[in-house]
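One structure is given below, encoded as structure tokens.
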Amino acid sequence: FELNENAPAFDGVRTLEEDVMQKERNVLIVDNEDPGFEAVRRESASLLKRILGRERDQEDEYTRVRLGNWGGWKVAVNSSYYGECVKSAHFSMPGDGEEKAVWKVEIPESGYYEVCAYITSLSAPWRWKRKYLERDKGSYIYTVHYDGGVERVVKELNRLEVGWTSLGSYHFSRGPAKVELTNKSD
């Protein structure tokens, strides 16, 4: 923001004509904190948890990255993650691909759009970081649903930098669009 010392002062609340959080025009961002995001988890609640009405134990509470059976997607906060207000990320142990992170957005007008994903680096205790979070093994597997069909995009972890990475440019019609990331790793 730039300070405008000549701007008239006012009391109260004023509605802005545009979204001040949107950094660029014609950029659509769906963050994991937005309503267009969903972490699809496998149904794995035990019989006892179902009887007691506790099908998932603290699934949407913020946690820290830790060793062990994570049991699906978890969400953590860290200053290195992306976010306008809350810098958070969902993470999961590699699996069979049954669990997905899904981003949905409403496309305002038909055309070609570049689809990008924000890549972050998980922080972990040094004793087990090398064993569980090596950046030189595995891949992220995305699925982009667009007008021409469905495109599987594989991003090798050893070739990714922290920040935005392109998944390609695709033609989308006006209306809903979807990108998925599975917990499967090649």
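Position 1 is the first residue of the sequence; numbering continues from there. Values below: all heavy atoms of this structure, side chains included; hydrogens, waters and symmetry mates excluded.
In this structure, CH2 in Trp164 is found 5.0 Å from OH in Tyr82, a value given to the nearest 0.5 Å. The CD atom of Glu151 sits 10.0 Å away from atom CG of Leu167, with the distance rounded to the nearest 0.5 Å. Atom CD1 of Ile141 is separated from atom CG of Asn183 by 9.5 Å, given to the nearest 0.5 angstrom. In this structure, OH on Tyr112 lies 5.5 Å from NE2 on His171, to the nearest 0.5 angstrom. Taken to the nearest 0.5 Å, the CG atom of Leu181 stands 5.0 Å off from the OH atom of Tyr142. Atom OG of Ser139 is separated from atom NZ of Lys184 by 9.0 Å, given to the nearest 0.5 angstrom.
A search for side-chain hydrogen bond (donor to acceptor under 3.5 Å, both in side chains) contacts involving Ser173 returns Asp147, not counting sequence neighbours. Applying the salt bridge (Lys or Arg N to Asp or Glu O under 4.0 Å) test to Lys178 and every residue at least two apart in sequence or in another chain returns Glu180. With sequence neighbours excluded, no residue forms a ring-ring contact (aromatic ring centres under 6.0 Å, His included) with Phe172. Residues passing the ring-ring contact (aromatic ring centres under 6.0 Å, His included) test with Tyr146 are Tyr170, sequence neighbours excluded. When the side-chain hydrogen bond (donor to acceptor under 3.5 Å, both in side chains) test is applied to Asp34, no partner is found at least two apart in sequence or on another chain. Residues passing the side-chain hydrogen bond (donor to acceptor under 3.5 Å, both in side chains) test with Ser166 are Glu114, sequence neighbours excluded. In terms of the side-chain hydrogen bond (donor to acceptor under 3.5 Å, both in side chains) criterion, Asp31 has no residue partners (sequence neighbours excluded). Qualifying side-chain contact (heavy atoms from CB on, under 4.5 Å) partners for Glu106, counting only residues two or more places apart in sequence or in other chains: Pro176.
You'll find the side chain of Tyr140 stays beyond 4.5 Å of the side chain of Val153, heavy atoms only. Counting heavy atoms from C-beta on, the side chains of Thr143 and Val179 never come closer than 4.5 Å. Two residues are said to be in side-chain contact when any heavy atoms from C-beta on lie closer than 4.5 Å; Val77 and Val86 meet this criterion.
Ser88 and Glu33 share a donor-acceptor pair across their side chains, judged by distance under 3.5 Å alone.
Without hydrogens or angle criteria, Thr165 side chain to Ala117 main chain gives no donor-acceptor distance under 3.5 Å.
What you find for Tyr81 and Thr120 is that their closest heavy atoms are CD2-OG1, 3.0 Å. Taking every heavy atom of both residues into account, Pro108 and Tyr113 meet most closely at CD-OH, 3.9 Å. Val162 approaches Tyr118 most closely through the heavy-atom pair CG1-OH, 4.4 Å. Counting all heavy atoms, side chain and backbone alike, Ile119 lies closest to Glu161 at CB-O, 3.6 Å. Here the shortest heavy-atom pairing between Thr182 and Trp73 reads C-CZ2, 4.4 Å.
Counting non-hydrogen atoms of other residues, nucleotides and ligands closer than 6.0 Å to NZ of Lys87 gives a total above 12.
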Next item on the list: Determine, stepwise, if the pair Asn32 / Val75 fulfils side chain to side chain contact (heavy atoms under 4.5 Å, CB included).
Entry: CA-CA 9 Å; Asn32 64 293; Val75 62; 3.9 Å; yes
